[in-house]
Amino acid sequence: MKPVTVSELELQLRMAYTELQLRKADTSLTNKPRSIRWPSIIEVKTDGKLVILHLKSESIKKNMQDNDNAFEGWILALKNLVYQNSKFSVEFDREDNTDDKHYQRFLMRLWVFNSLFGSESSNPWFGLSSTAQAWLSADCKYIKLRGSEKLLCNGGKGNRKRKASDEKDLDKMTEDDIELRLCYSEDYYEKDKVCLKETFEMKKICRQFPVGIFENEVSRADGFALFPGGKACVDLIGDDESEVCWIFELKKTSNIPMGILSELLFYTVIVRDIAAEKIIPGDKTTDSGCYDPNHLIGKKLINACFLAPRFHPLLLESIIDNLNDAFNDLQQRDQLSTVIFHKAILYQEDNDDKFCIRRN
């Protein structure tokens, strides 16, 4: 196996991306190829037939949206653009403390990716070595607890209904402000909530839907939370009051990480498992502005949407197609909820501060 340098990876991805845009007759190249930077902490080696990404402990313990941690998106980008005919795998450093929350979250994500693109899928191109598979099986608490009624999620507390700032330029808004304008019908941003509801045909919208995952008891005490961020939340969740729901991973204009894919994929699987009662709501939702996880139970269709003014250039339509094909295949095997991924652009028309949304 030959190591591939960072400069080689960046050159390969940039050239393939530019060629793709030219084939699409897109000469604007809004997201310039030079913005494609390979995270140097993720090592890659290949013999042409197999491509292996090695994630060090330092990488695994980064924030999930950080490009240093976002192995799912990088693998899909390489598969779509550079090594189309190769198989892929992940190597990782096993933690001495297998209860480490970052390590547990990584193992859960690796299990998900292997379920979607590994040996049980109809078109397998991803796999793990016998050693990595043994570590995954032995260490991953999520796999062991899933469906046991010991795997719990938390309910919403506090007050999500707050007023957005007076900033009216989307490019200068925080993600918090954008969420508030899209959710609540106060003052001038009522029209933005209407825009979101009408675009996605929803009757109800909530923000910061908590998806902290716990073992046996929803508690802040040590030993209960499986993953870091016991208050982890889906940015926006919408419901049409039937068997359909929408979840959104939202980013502000200046934030375009490849990790947006890792985040939304992670949250989608948790929401899907709540719908199937593989995860049980563990305490009451006391915030009136928060979506109650009990309302997810029995949902048949989960729409997962990337929503932002700009995206990382490698969040390609073909990658979204890969996810949708893989989840369709998974649904045929496990008979749980259907999942469909979407991408939508948030913008403002010239001389108008109201939000507009264009679905791709």
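Heavy atoms only: backbone and side chains are in, while hydrogens, waters and symmetry mates are out.
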Sub-4.5 Å side-chain heavy-atom contact between [X] and [Y]:
X	Y	result
Asn294	Thr285	no
His54	Lys45	no
Val211	Cys153	no
Asp93	Ile60	no
Leu136	Ile143	yes

Can you tell me how far the [atom1] atom of [X] sits from the [atom2] atom of [Y], to the nearest 0.5 Å?
X	Y	atom1	atom2	answer
Trp246	Ile237	CH2	CD1	12.5 Å
Glu72	Leu264	CD	CG	11.0 Å
Cys183	Leu236	SG	CG	4.5 Å
Leu81	Ser318	CG	OG	6.5 Å
Ile178	Ser165	CD1	OG	10.0 Å
Leu53	Ile75	CG	CD1	5.0 Å

Donor-acceptor check, side chain of [X] to backbone of [Y], threshold 3.5 angstrom: yes or no?
X	Y	result
Glu277	Ile274	no
Lys157	Lys284	yes
Glu215	Leu145	no
Thr338	Leu301	no
Asp235	Leu250	yes
Lys251	Pro309	no
Trp74	Asn67	yes
Asp192	Phe355	yes
Ser121	Gly118	yes
Lys354	Glu349	no

What pair of heavy atoms forms the shortest contact from [X] to [Y], and how long is it?
X	Y	value
Phe92	Ala132	CE2-CB, 3.8 Å
Pro124	Ser119	CB-CA, 3.9 Å
Ile270	Ile279	O-CD1, 3.8 Å
Lys299	Ser242	NZ-O, 2.8 Å

Short side-chain donor-acceptor distance under 3.5 Å, [Y] and [X]:
X	Y	value
Asp139	Thr98	no
Ser115	Glu120	no
Thr5	Ser7	yes

How about CG on Asn97, more than 12 heavy atoms from neighbouring residues, nucleotides or ligands closer than 6.0 Å, or not?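 Atom CG in Asn97 is packed in, count exceeds 12.
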
Cation over ring face, Arg109 and Phe71, 6.0 Å, 45°: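 Geometry flag: not set, cation outside 6.0 Å or 45°.
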
When you measure from the centre of the six-membered ring of Phe311, is the NZ or CZ of Lys343 closer than 6.0 Å and no more than 45° off the axis?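 Pair Lys343/Phe311 counts as cation-pi.
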
From the options Ile42, Leu55, Asn114, Ile52, select the one residue that forms a side chain to side chain contact (heavy atoms under 4.5 Å, CB included) with Val90.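 Between Val90 and the candidates, side chain to side chain contact (heavy atoms under 4.5 Å, CB included) is satisfied uniquely by Leu55.
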
Does a side-chain N-to-carboxylate-O contact under 4.0 Å join [X] and [Y]?
X	Y	result
Arg207	Glu175	no
Glu167	Lys172	no
Arg272	Asp334	yes
Arg181	Asp177	no

Compute the ring centroids of Phe88 and Phe117, then answer whether they are less than 6.0 Å apart.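 For Phe88 and Phe117, the ring centres are not under 6.0 Å apart.
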
So Phe113 and Trp125, would you call those rings parallel, tilted or perpendicular, with 30° and 60° as cut-offs?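 Geometry flag for Trp125 against Phe113: perpendicular rings.
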
Which label fits Phe341 and Phe327: parallel for a plane angle under 30°, tilted from 30 to 60°, or perpendicular past 60°?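 Phe341 vs Phe327 ring planes: tilted.
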
Among Arg105, Lys101, Lys61, Lys56, which residue meets the salt bridge (charged side-chain N to carboxylate O under 4.0 Å, His left out) test with Glu95?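 By the salt bridge (charged side-chain N to carboxylate O under 4.0 Å, His left out) criterion, Glu95 pairs with just one of Arg105, Lys101, Lys61, Lys56: Lys61.
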
Going hydrophobic residue to hydrophobic residue with side-chain gaps under 4.5 angstrom, can you get from Leu336 over to Val269?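 As far as the 4.5 Å side-chain criterion goes, Val269 and Leu336 are not connected within one cluster.
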
